[in-house]
Amino acid sequence: MTYAGAFDKGDHIDTGIGGARKINLDAKQGDGVFSEIPVIDLTDAASPSLEARKKVAQEIYDACVNVGFFYIKNHGVPDEVIKTVKNEAKRFFHDLSEDDKMELDISKNTEFYGYAPIKAKLSDGQVKKRMFESINFGYEPLMDPGASGTVDNGPSFWPAEEKLPNFKENVGKYYSSVMSLSRQLLHLFALGLDLEETFFDQFCKRPGVLLKLNHYPAAVPDSADNAGIAAHSDLESFTILLQDDVKSLEVLSKDGTWISADPIPGTFVVNIGDAMSMWTNDLFLSTIHRAYNKEGKVRYSVPFFFGADYDAVMETLPSCVDEARPLKYKPITAGAHVRMRLNMTYPKQKEEAQPEGIKT
Ligand SMILES: O=C(O)CCC(=O)C(=O)O
Ligand SMILES: [Fe+2]
């Protein structure tokens with residue numbers, strides 16, 4: 001089965017970090033079948049009027065339940081900051097030598113932070129086809145305007161200041177902006193779920209976040225394998241994605257149709273990840289997506305993955321359980337969930353991966 005082609009009934013799609021998923025060609029509108037991705041205006045997200053905030057929250061709730069993806073506009077992140085992080089991504093991938101980048105090798109970092117080259121060599125000697133290079137950075141309390149403390153979740157590999165002057169400071173400006181935006185989104189998710197607006201804050205004091213810079217080289221895909229990022233679901237609670245202007249991102253409707261999430265100037269794409277989907281008993285959809293480099297142009301993207309504190313216990317929200325939607329998941333700490341999923345992606349500690357262990 002090629003990902004680009006049609007699916008057959010009962011096909012499974014290997015989502016990499018999200019495990020295998022079954023395609024349900026009989027799924028109907030409202031069952032994760034959709035034909036477009038909504039654009040949500042965040043102008044009123046911080047309005048003094050609770051009613052106005054609730055209206056935005058309801059739009060977000062609908063998008064999470066029906067699609068799992070939405071664009072946000074008027075999100076408050078300054079254009080200048082966005083331009084800067086795009087520029088820093090280019091500097092990182094092109095101004096550093098291969099050796100400089102490999103000094104930051106992800107396989108040397110216990111927390112899966114660091115640089116992953118285009119063809120990643122796995123520790124068991126296998127070479128995995130991976131048509132992009134990336135660098136990611138973990139939680140940086142000094143870049144979090146809402147930080148409760150100063151402790152990180154393990155050190156990230158930042159390039160040395162003399163090799164890439166001002167990189168950390170410039171990327172930090174974007175990081176701070178999307179941290180604040182994430183905390184605002186948490187309030188909107190809570191309101192949409194009819195919870196206290198601040199409900200999720202208690203679980204996000206030292207959150208498991210990851211800022212990632214992706215570089216896809218200019219290559220026309222000759223198969224779905226070398227097309228960019230293969231089909232997957234994100235593992236954290238939600239993702240805020242900055243795209244450049246090259247069309248690539250595609251999102252899988254549950255009837256097996258790939259829906260384009262082409263860049264819209266001035267927006268971010270937000271999507272629900274596996275953790276939030278589990279937390280809501282699969283009410284919020286962690287939708288499969290891929291970056292399929294159909295234009296064959298060089299492309300950069302900057303996803304920001306936001307997850308709960310590693311020691312926070314994610315216990316299914318009682319309001320998301322009823323007769324029609326029986327409880328599916330046992331409580332699990334956000335950290336155990338992330339480790340389990342990362343071990344599936346980077347299987348150097350394979351024996352710790354127990355994907356079925358979390359189902360009730
Ligand atoms: O580059 C993109 O558009 C998507 C990236 C993505 O899905 C990921 O890094 O998880
Ligand atoms: Fe993703």
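Counting starts at 1 for both ligands and their atoms, in listed order.
Looking at Arg290 against ligand 1, nothing comes within 4.0 Å, counting heavy atoms. Under 4.0 Å from ligand 1, the heavy atoms of Asp234 that appear belong solely to its side chain.
Of all the atoms in ligand 1, the ones that sit under 4.0 Å from a non-hydrogen atom of Tyr216 are 1 (O), 2 (C), 4 (C), 5 (C). When each atom of ligand 1 is checked for a heavy atom of Lys212 under 4.0 Å away, the hits are 9 (O). The contact set between ligand 1 and Asn214, taken as ligand atoms under 4.0 Å from a residue heavy atom, comprises 1 (O), 5 (C), 9 (O). In the vicinity of Ile229, heavy-atom distances shorter than 4.0 Å reach the ligand 1 atoms 5 (C), 6 (C), 8 (C), 9 (O).
Using a 4.0 angstrom heavy-atom cutoff, Arg299 counts as in contact with ligand 1. Remark: distances from the non-hydrogen atoms of His289 to ligand 1 include one below 4.0 Å. Residue-ligand proximity: Phe305 is placed with a non-hydrogen atom under 4.0 Å from ligand 1. At least one heavy atom of Pro303 sits closer than 4.0 Å to an atom of ligand 1.
Checked by atom type, the side-chain pair Asn281/Thr316 shows no donor-acceptor distance below 3.5 Å.
In this structure, Asp79 places its CG atom where only 12 or fewer heavy-atom neighbours from other residues, nucleotides or ligands lie under 6.0 Å away.
Residues that satisfy the salt bridge (Lys or Arg N to Asp or Glu O under 4.0 Å) test with Asp100, not counting sequence neighbours, are Lys163. For Arg206, the salt bridge (Lys or Arg N to Asp or Glu O under 4.0 Å) test picks out no residue, with sequence neighbours left out.
Residues Val65 and Leu195 share a hydrophobic cluster, clusters being chains of Ile/Leu/Val/Met/Phe/Trp/Tyr side chains in contact below 4.5 Å.
When NE2 of His289 and OD1 of Asp234 are joined through the Fe ion (ligand 2), the resulting angle is 90° to the nearest 10°.
Under the 6.0 Å cut-off for aromatic ring centres, Phe189 and Trp279 do not qualify, their centroids lying 6.0 Å or more apart.
Of the possible polar contacts, none joining the Asp234 side chain to the Glu236 backbone as a donor-acceptor pair under 3.5 Å is found.
Using the six-membered ring where Trp is involved, His215 and Tyr300 have ring planes that are parallel, under 30° apart on the 30 and 60° scheme.
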